[in-house]
Amino acid sequence: MLARQVMNQLDLRLSLQKSAESEQLYRTLFDSMDEGFCIIEFFDGPHGPLSDYVHIDANAAYARHAGIPDVVGQKLREMVGDEADAWVARYGQVLRTGQPIRFEQELVATGRYLSLSSFRIEPPERKQVAVLFQDITERRRAELALRELNETLEQRVAAALAERRTLADAMEGANAFIQVADRNFRWLAINSAAAGEFERVFGVAPHVGDSMLDLLDDQPENREQVRAVWSRALAGEEFVEVDAYGDPGRYRRYYEMRFGVLRDEAGAQTGAYQFVYDVTERLAEQERLREAEEALRQAQKMEAVGQLTGGLAHDFNNLLSGVSGSFEMIGTRLQQGRMADVDRYLAAGQGAARRAAALTHRLLAFSRRQTLSPRPVVINRLMAEFVDLVRRTVGPAIAVETVAAAGLWPALVDANQLENALLNLCINARDAMPDGGRITIETGNKWLDHRAAQERGMEAGQYVTVCVSDTGVGMDKSIQERVFDPFFTTKPIGEGTGLGLSMVYGFARQSHGHVRIYSEVGQGTMVCIYLPRHFGEEEAAETDVVTFPSVQLGAGETVLVVDDEPTVRMLIVDALQELGYACIEAADGPTGLRLLQSDARIDLLITDVGLPGGLNGRQVADAARDLRPDLKVMFITGYAENAVLNHGHIQPGMEVLTKPFAVSDLAGRVDRMLRS
């Protein structure tokens, strides 16, 4: 009996030992699990039967996965509040049915997303449920991000497709011919309008993937034209060009082509694109407009000439009457042998001739066809004598002042014509001050940048300015806009031809400069002549012989005179022979050239610029210089038919004498040229 009791106690102790070891093993495994684990026990609460539960056991991983430490002993509704019903519903179903479940649910209280499995601990009367779970928050975020990415990707793809369809529709519906090519001249895109136009122009239909050069291989001229313009764009140049394409006998149009560079996302060039517009009609319309404007200008000139005809006819008739009357009276007195009055009639005739020459120079200046002899000059050096002339001209009621800029640049200008222009401005200023006032003549250096030059309608650069200002009545804007128009004048009929300011304008433009006017009613007017700066030294003034020599100058020199006007030729030859020069005459360019090709001695060529026979004076002179490199040449002209003479671009040993000229001036020029 005792032995049996001892055995029972030993079995009990052994059983307890095994149970303790098993419990220890269970606890070790329980706490070593990576997953969170807990046992919950339901109880009845204020919300109803089995409406809450308490955690009766939990492993160490519970806090790591759920984010809630020391959970054992905590009740659900005290832990998570508003989300308790959802958890009670999940685990309550497991307790009632005994069916295990697997699910994923967010633990809102800690922001963790959990993957859970749950089963009932038997028997059901224990009201216990075991829960095994893992924190899958990062995986869940990745899944949500992937889902969002997939959803937005679909949206982006749909948007891109829609945008592509929109661009394709716009490209197809555009009025422009649109082409896109890679760097091998192959089309990446071409709208139907461009494809149709290409086929009309070149006779072949292009398609995406075709090489435009291969397509035109049997049309070398067209191929080269296309290659040349696309090569610039494929080399990285962005530009606009207008050119004509097609066969003139079949289909030829003018196109405005706008090229741009095609780049990838990294900015590297992958090709070029082109927007092309047919501008044939626009160019034709512009040409028609230009022709209409030219016709309008001609009509305006004719109207202006018509307005001036009466005044010019009156002036020239007066001058011609003075000349012809003087000659008649001289003839009468010579027949009568009365020499006393001859000098008086000679002076009257010469005076009328000089006034006619001055009027002619004004007309030529207006038309910008006067012969200029530009020389480098510092305008300040002209002012002293010129101001004395102005004071005598405007009278004592008007004060004349000068403001000369220090360090004034030289200008390449005809000094005599400049003084004539300034005198016109001073006379206009005098007329604008009937009660007296002040005229100021001011010089200055101006450096105009692009913006300032554009505002003045000029080229950017350095200019010398000469401004004439007055304190007169001024003028409103409408008059300022017309003051440089030929024959426009505010003076009464018969008191002005309207050529003064237009002559100033013509002179300034012919000198490669400009003229500007500034005026306010009641405040006065300023007119400024802009002349381009000359980059060089001022040239010393030449002194011509102005009196007819009383002794013979010729020392065997021979002068060839080429002029188609017999009277002028006769006067030149007679005057030179009077001075002892031998003269040869020619009435046209070819005759003069044949004489120059002969062995005759010729020391000086005097030729009119405008000659009949197919060779003008400049051509004769150039041919003469080839034959006789040291030959001196004097051009005589009423205006410069050859634009080269207008700009003073004549070679050393050449000079220009303007008609009408004094015989003494001719003699002095000839003597100086042959002696130099």
Side-chain angles (χ1 to χ4, degrees), residues 149-150 152-289:
L149 178 63
N150 290 334
T152 56
L153 179 61
E154 292 177 0
Q155 294 173 357
R156 290 200 301 273
V157 170
L161 291 175
E163 182 180 6
R164 184 174 179 180
R165 284 193 298 272
T166 301
L167 290 174
D169 292 343
M171 184 173 173
E172 283 299 310
N175 292 328
F177 307 130
I178 304 174
Q179 302 181 55
V180 185
D182 65 16
R183 304 195 72 172
N184 295 316
F185 297 90
R186 294 188 180 277
W187 279 292
L188 299 174
I190 181 170
N191 68 349
S192 57
E197 190 71 4
F198 191 95
E199 186 173 6
R200 281 189 291 274
V201 172
F202 300 114
V204 288
H207 300 90
V208 172
D210 289 346
S211 167
M212 60 182 72
L213 300 185
D214 292 347
L215 210 59
L216 299 174
D217 201 38
D218 59 343
Q219 305 177 41
E221 291 184 5
N222 291 332
R223 183 181 189 274
E224 178 57 27
Q225 189 179 18
V226 171
R227 187 204 63 76
V229 72
W230 273 95
S231 294
R232 294 170 57 190
L234 294 175
E237 183 180 354
E238 295 187 336
F239 61 97
V240 178
E241 184 162 309
V242 176
D243 203 353
Y245 287 82
D247 184 356
R250 186 178 63 84
Y251 185 84
R252 185 172 179 84
R253 309 288 288 177
Y254 283 87
Y255 301 96
E256 179 185 85
M257 300 169 288
R258 298 178 176 270
F259 283 92
V261 175
L262 186 68
R263 302 184 185 277
D264 60 18
E265 294 181 355
Q269 182 177 359
T270 59
Y273 58 87
Q274 176 197 68
F275 284 77
V276 181
Y277 301 89
D278 187 335
V279 295
T280 307
E281 297 303 325
R282 188 181 78 189
L283 294 179
E285 183 62 29
Q286 289 176 351
E287 179 61 20
R288 287 193 293 268
L289 180 60

> If only atom types and distance count, is the side chain of Asp210 paired as donor or acceptor with the main-chain N or O of His207 below 3.5 Å?
yes
> Once you round to the nearest 0.5 Å, how far does CZ of Arg183 lie from CG of Leu262?
10.5 Å
> So, Arg232 and Glu241, do they make that salt bridge, N to O below 4.0 Å?
yes
> Supply the atom-to-atom distance Leu289 CG to Gln286 CD, rounded to the nearest 0.5 angstrom.
8.0 Å
> With a 3.5 Å distance limit and no angle check, can you tell me whether Gln179 reaches the backbone of Phe275 through a side-chain donor-acceptor pair?
no
> With side chains defined as the heavy atoms from C-beta onward, is the minimum distance between Asp243 and Val229 less than 4.5 Å?
no
> Is there side-chain contact between Trp230 and Phe185, with heavy atoms separated by less than 4.5 Å?
yes
> Does Asp214 have any side-chain contact (heavy atoms from CB on, under 4.5 Å) partners at least two apart in sequence or in another chain, and if so, which?
Arg186, Ser211
> Between Gln269 and Leu234, what is the shortest heavy-atom contact and its length?
NE2-O, 3.2 Å
> Under a 3.5 Å distance rule, please check whether Gln219 uses its side chain to pair with a backbone N or O of Phe202 as donor and acceptor.
yes
> Answer yes or no: is there a donor N or O on one side and an acceptor on the other, between the side chain of Asp182 and the main chain of Gly271, under 3.5 Å?
no
> Taking the side chain as everything from C-beta on, heavy atoms only, tell me whether Met257 gets closer than 4.5 Å to Val242.
no
> May I ask you to test the Val204-Phe198 pair for a side-chain heavy-atom distance under 4.5 Å?
yes
> Tell me whether Arg223 is salt-bridged to Asp217, with the criterion being a basic N under 4.0 Å from an acidic carboxylate O.
yes
> Does atom CD of Glu287 have more than 12 heavy-atom neighbours from other groups under 6.0 Å away?
yes
> Salt bridge (charged side-chain N to carboxylate O under 4.0 Å, His left out), that's the test. Do Arg288 and Glu285 meet it? Break it down for me.
CA-CA 5 Å; Arg288 287 193 293 268; Glu285 183 62 29; 2.6 Å; yes
> Does some side-chain heavy atom of Glu256 sit less than 4.5 Å from a side-chain heavy atom of Arg282?
yes
> Can you tell if the side chain of Val208 reaches within under 4.5 Å of the side chain of Ile190, non-hydrogen atoms only?
yes
> Hey, are Tyr245 and Glu197 close enough side-chain-wise for a donor-acceptor pair under 3.5 Å?
no
> How close do Tyr255 and Asp278 get, heavy atom to heavy atom, and via which atoms?
CD2-CA, 3.9 Å
> With heavy-atom distances below 4.5 Å as the criterion, would you say the side chains of Val226 and Leu216 are in contact?
yes
> Applying salt bridge (charged side-chain N to carboxylate O under 4.0 Å, His left out) as the test, list every pair that has at least one member in residues 260-270; sequence neighbours left out.
none
> Looking only at heavy atoms, which two atoms of Ala233 and Ala272 are closest? And how far apart?
CB-CB, 3.7 Å
> Would you please classify the geometry between the Phe239 ring and the Phe259 ring as parallel, tilted or perpendicular, with 30° and 60° separating the classes?
parallel
> Between Arg250 and Val201, is there a donor-acceptor pair closer than 3.5 Å when you use the side chain of the first and the backbone of the second?
yes
> If we ignore hydrogens and angles and just use 3.5 Å, is the side chain of Gln225 paired with the main-chain N or O of Ala244 as donor and acceptor?
yes
> Between atom CG of Asn222 and atom CG of Leu213, what is the distance when rounded to the nearest 0.5 Å?
12.0 Å
> Might you point out which heavy atoms bring Val240 and Arg258 nearest each other, and give the distance in Å?
CG2-NH1, 3.6 Å
